[in-house]
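Written out below as structure tokens is the structure these notes cover.
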Amino acid sequence: MNTLMSSSRAVQVLVAITLVSSCMDKEGAGADKNGGGRGDNRYTMDHHSHARPEEAVITHLHLDIAVDPAERTIMGTATYRIAGAEHGRIILDTDDIRVESVTDQAGAPLQFELGDSTILGRPLEVALKPTTASIAITYRTGRNAKALQWLSPQQTADKEHPFLFTQGQAILTRTWIPVQDSPGIRFTYDATVRVPKELMAVMSAINPQERSSDGVYHFKQERPIPAYLIALAVGDIVFKPVDERTGVYAERSVVDKAAWEFADMGDMLRAAEDLYGPYRWGRYDVIVLPPSFPFGGMENPCLTFATPTILAGDRTLTSLVAHELAHSWSGNLVTNATWNDFWLNEGFTVYFEGRISEAIYGPDYAGMLQQLGRQDLESTLAQIAKSKHPEDSKLRLALAGRDPDDGMTDVAYEKGAAFLRLVESKVGRAKFDAFVRQYFDAFAFQSMTTDRFLSYLDSELLAPNKVSLNIAEWIDGEGLPTNAPTPVSDRFVKVEAEIKRWENGARPQELATKEWSTFEWMHFLRHLPKELAEDRLKELDKAFGFTNSGNAEVLAAWFEVCIRNDHDPAFGRLDDFLATVGRRKFLVPLYAEMIRTEKGRIMAQTIYKNARPNYHSVSVRTIDELLSWKDDHPPVNF
Ligand code: BES
Ligand code: ZN
């Protein structure tokens with residue numbers, strides 16, 4: 001999620017626009033998905049991939065790679081079964097990848113050509129014979145492969161071994177595997193991954209739970225998935241079960257804490273199935289990564305990747321697991337056809353996450369979550385309205401020619417969920433739930449466009465119940481329509497009353513904070529008066545120990561208050577936090593708050609210079625832009 005826009009890519013953008021406009025019409029010319037999926041599902045033009053799946057398309061990947069942490073490279077062979085060889089060529093996506101050879105099923109070389117580099121990377125065009133059944137691409141990744149973050153032992157929890165993780169969404173898988181990298185193209189995969197013996201590898205697939213003696217690991221993903229959901233993590237990790245179907249992977253010193261924090265995973269999974277039908281992916285595990293992971297979580301199939309900043313020690317931040325689990329239906333089972341339809345992934349998932357949280361933790365918890373979401377949405381909408389791209393506040397995006405990451409904001413999440421809550425309020429929960437379940441069944445393992453969803457919604461739910469709605473305003477209008485349901489939370493009303501009491505002279509110790517969860521503390525910190533005198537901040541910190549909090553959400557909200565009011569006793573801890581935590585959701589508001597003053601700008605530059613090497617490329621890209629950072633020594637590829 002990113003609300004910042006680029007000003008420096010104008011030239012690349014022009015190249016990309018010219019390139020895609022010559023590719024194909026809005027709807028592809030016809031091949032069934034997966035070379036013969038279900039009926040009328042056509043490929044949709046994806047402006048963020050060079051692939052032309054209506055010609056030749058990949059149907060299965062066999063990946064055979066070696067991971068070399070010392071050289072920071074992955075090398076090996078990606079072998080694809082393909083359909084549509086009669087079209088004479090297949091086009092894949094690559095970015096910063098060196099292709100060494102391409103051969104067919106008999107080992108005979110095939111001609112290939114790499115096109116020019118744009119924000120989409122370089123197309124790899126391979127010439128096919130009508131008899132070509134599979135292609136094997138031997139390659140190695142570059143030093144700058146944007147999906148990969150290579151960590152030194154020092155950057156891990158246990159500090160003894162290196163670590164690697166990948167982040168594919170939105171268009172980064174092409175930086176570590178040459179692939180048709182479009183969310184509308186699905187394929188199954190299996191993989192052989194060779195790692196140094198002292199490390200273990202896990203993927204978005206059925207995973208080992210034990211170490212192998214030789215560092216060779218085998219994986220199988222038997223459900224067809226899009227390329228952005230292929231993921232790999234390598235490190236000194238161990239597994240601990242939570243129940244029969246769920247468990248956690250993490251470094252040794254983290255795994256027990258993680259298993260305790262996520263004790264409700266099995267219940268969440270059952271709650272999700274009770275709502276919207278069977279879980280179709282076998283196991284559901286979570287891997288807790290080192291703190292530089294740029295997101296809260298990533299819904300890699302069978303194995304959610306998660307930040308350690310949700311290990312609050314009190315199970316209050318596990319709604320993130322509910323969110324990533326919900327993606328096993330919304331996103332991984334029914335997938336946005338293009339990044340313009342991103343709200344179909346995230347809006348549904350936020351809605352579904354809320355329902356899982358409500359089932360497990362009750363309506364109070366879910367209400368607070370909704371209110372925090374609405375607060376985030378309102379500040380994002382205010383930012384977007386004054387940005388270069390006010391149209392980014394629409395649910396249906398128009399991201400052609402831009403990095404899709406730039407358009408992936410809270411709008412898709414919170415406006416998307418608000419739209420679904422509105423529909424629910426019109427037809428009632430029972431009918432809405434039956435509709436959603438039927439939707440996931442009807443389109444399982446397929447991709448979905450906004451138009452297709454709207455016509456299904458109308459024919460299956462709205463028309464039969466004679467409901468009419470301002471759909472065009474919701475989908476193609478900017479801002480938040482006035483009929484958005486307003487989230488309510490009694491518990492937050494109580495927090496606001498305590499803030500008032502403090503403002504009117506009550507001492508912090510007298511406030512009724514005993515039962516507060518992380519969410520109440522976040523609301524408290526977000527709603528303090530904007531300007532606070534030094535003694536007031538000291539008083540709060542003394543009573544509540546914010547600066548020394550082990551809860552990343554509380555810390556981040558507190559740091560915002562401190563930066564705004566130049567409260568330097570917190571700055572040492574802020575510096576440490578930013579040097580280790582790479583989660584973009586925390587970085588953006590903190591750096592943005594700092595650069596509002598000249599003194600703060602200098603502090604931001606100093607902190608960032610030190611912290612930047614610890615961040616993943618997606619966070620680096622965002623913060624570079626925010627701070628207008630010039631990289632003096634960009635690493636050279638190959
Ligand atoms: N799929 C997203 C993460 C993502 C979005 C990666 C866009 C790349 C591009 C994931 O499901 C997500 O939404 N994560 C949130 C957590 C959530 C509880 C809102 C995050 O990372 O903060
Ligand atoms: Zn999500």
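Position 1 is the first residue of the sequence, and the numbers go up from there. Note that ligands are numbered from 1 as they come in the structure, with each ligand's atoms numbered from 1 the same way. Scope of the values below: all heavy atoms of this structure, side chains included, with no hydrogens, waters or symmetry mates. This structure is a prediction, so every number in the text was calculated from the model and none was measured.
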**Request:** Please say which of Phe348, Tyr276, Tyr279, Trp281 ends up in a ring pair (Phe, Tyr, Trp, His ring centres under 6.0 Å) with Trp329.
**Result:**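 That would be Tyr279.
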
**Request:** Pick whichever of Tyr413, Phe586, Phe295 has a heavy atom sitting closest to atom 12 (C) of ligand 1.
**Result:** Tyr413

**Asked** Can you tell which of Pro404, Gly297, Gly296 gets a heavy atom nearest to atom 14 (N) of ligand 1?
**Response**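 Ranked by closest heavy atom to atom 14 (N) of ligand 1, first place is Gly297.
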
**Asked** Do Val350 and Glu414 come within less than 4.5 Å of each other through their side chains, counting heavy atoms only?
**Response**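 In contact.
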
**Message:** Quick check: of its N, O or S atoms, which one does His327 have closest to the Zn ion (ligand 2)?
**Reply:**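 That would be atom NE2.
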
**Request:** Over 60° means perpendicular and under 30° means parallel, so classify the ring planes of Tyr456 and Phe435, tilted if in between.
**Result:**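 Tilted, since the angle between the ring planes falls between 30° and 60°.
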
Check ligand 1 against [X] and write out every atom of the ligand that is under 4.0 Å from a heavy-atom position of the residue.
| X | answer |
| --- | --- |
| Gln167 | 6 (C), 8 (C) |
| Glu324 | 10 (C), 11 (O), 12 (C), 14 (N), 16 (C) |
| Glu299 | 1 (N), 2 (C), 10 (C), 11 (O) |
| Arg583 | 22 (O) |
| Leu320 | 16 (C), 18 (C) |
| Met408 | 7 (C), 9 (C) |
| His327 | 11 (O) |
| Phe342 | 5 (C), 7 (C) |

Given [X], which partner from the list [options] fulfils the side-chain hydrogen bond (donor to acceptor under 3.5 Å, both in side chains) test?
| X | options | value |
| --- | --- | --- |
| Asn336 | Thr44, Asp341, Asn345 | Asn345 |
| Arg491 | Gln371, Glu520, His523 | Glu520 |
| Tyr351 | Glu424, Glu346, Arg421 | Glu424 |

**Message:** Angle at the Zn ion (ligand 2), NE2 of His323 to OE2 of Glu346, rounded to 10 degrees, please.
**Reply:**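 Vertex the Zn ion (ligand 2), arms to NE2 of His323 and OE2 of Glu346: 160°.
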
**Request:** Flag His323 as yes when one of its N or O atoms lies below 3.5 Å from any N or O atom of ligand 1, and as no otherwise.
**Result:** yes

**Asked** Quick one: side chain to side chain contact (heavy atoms under 4.5 Å, CB included) partners of Ala484, sequence neighbours excluded?
**Response**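 Side chain to side chain contact (heavy atoms under 4.5 Å, CB included) check on Ala484 returns Arg374, Trp474, Leu480.
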
**Message:** Looking only at the side chains, is there a donor atom on one of Ser182 and Ser49 sitting less than 3.5 Å from an acceptor on the other?
**Reply:** no

